[in-house]
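Quantities reported herein were computed from a predicted structural model and do not represent experimental measurements.
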Amino acid sequence: MTVDLIRAYNCATYCIGHLYVDGKYVCDTIEDTDRGLDKNMPLAELQKRKVKSQTAIPTGTYKVTLGIVSPKFSLKPYYMKFCGGRVPRLLDVPAYEGILIHIGRTERNSAGCLIVGYNTIKGQVTNSQQAYEKLYNIMRGAKGNIYINITRKKV
């Protein structure tokens, strides 16, 4: 399964993207601002340009797993009930650790993670739980590996 995240609007503190699975729109995302990082940059360059908890992860393709219980989110009743605390995790993101796809409203809920919802209000997403459940159920039904490809909208 391929998940495509296309970053469409980059602002000073946040970035709005559109998420598709196998070419079909699923929801929107909000992340920290995109500082132009790319997975293929040298690690030293990524670390130099990254501002901790204020920078979107590098563009590129990452494997996603549903098999790891999140130490943080497994403490939250919603996540334990819905997915046993197994929040989608992006693997091998250079210069980052613990990058998840989860619920929230603004980039302040992110710390590098991908927040899903619908961009109906400037600077945030709404109906995040609904979007999360929609995406999670699609991912849970995947046959084989799940990959997310993060790109920027071509101008």
**Q** Going by side chain to side chain donor-acceptor pair (under 3.5 Å), name the residues that satisfy it together with D22, two or more places apart in sequence or in a different chain.
**A** none

**Q** According to side chain to side chain donor-acceptor pair (under 3.5 Å), who are the partners of Q129, at least two apart in sequence or on a separate chain?
**A**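 Per chain and number, Q129 pairs via side chain to side chain donor-acceptor pair (under 3.5 Å) with E133.
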
**Q** Keeping to residues at least two apart or across chains, list the ring pair (Phe, Tyr, Trp, His ring centres under 6.0 Å) pairs with something in residues 93-113.
**A** F73-H102

**Q** Under the side chain to side chain donor-acceptor pair (under 3.5 Å) rule, collect the residues that match up with D32, sequence neighbours excluded.
**A** none

**Q** Could you list the residues that satisfy side chain to side chain contact (heavy atoms under 4.5 Å, CB included) with E45, not counting sequence neighbours?
**A** M41, P42, K48, R49

**Q** Not counting sequence neighbours, list each pair that qualifies as a salt bridge (charged side-chain N to carboxylate O under 4.0 Å, His left out) and has a residue in residues 112-124.
**A** none

**Q** Got a sec, which residues hit side chain to side chain donor-acceptor pair (under 3.5 Å) with T55, two or more places apart in sequence or on another chain?
**A** R35

**Q** Can you list every pair that meets salt bridge (charged side-chain N to carboxylate O under 4.0 Å, His left out) and has a residue in residues 10-20, with sequence neighbours left out?
**A** none

**Q** Who pairs with Y9 by ring pair (Phe, Tyr, Trp, His ring centres under 6.0 Å), at least two apart in sequence or on another chain?
**A**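 With neighbours one apart ignored, the set is empty.
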
**Q** Apply ring pair (Phe, Tyr, Trp, His ring centres under 6.0 Å) to H18 and list each qualifying residue two or more places apart in sequence or on a separate chain.
**A** none

**Q** Pairs in or reaching into residues 28-52: which pass ring pair (Phe, Tyr, Trp, His ring centres under 6.0 Å), with residues at least two apart or in two chains?
**A**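 Residue pairs passing ring pair (Phe, Tyr, Trp, His ring centres under 6.0 Å), neighbours aside: none found.
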
**Q** Go through the structure and list residues passing side chain to side chain contact (heavy atoms under 4.5 Å, CB included) with R7, not counting sequence neighbours.
**A** C15, E31, D34, A56, I57, T59, I150

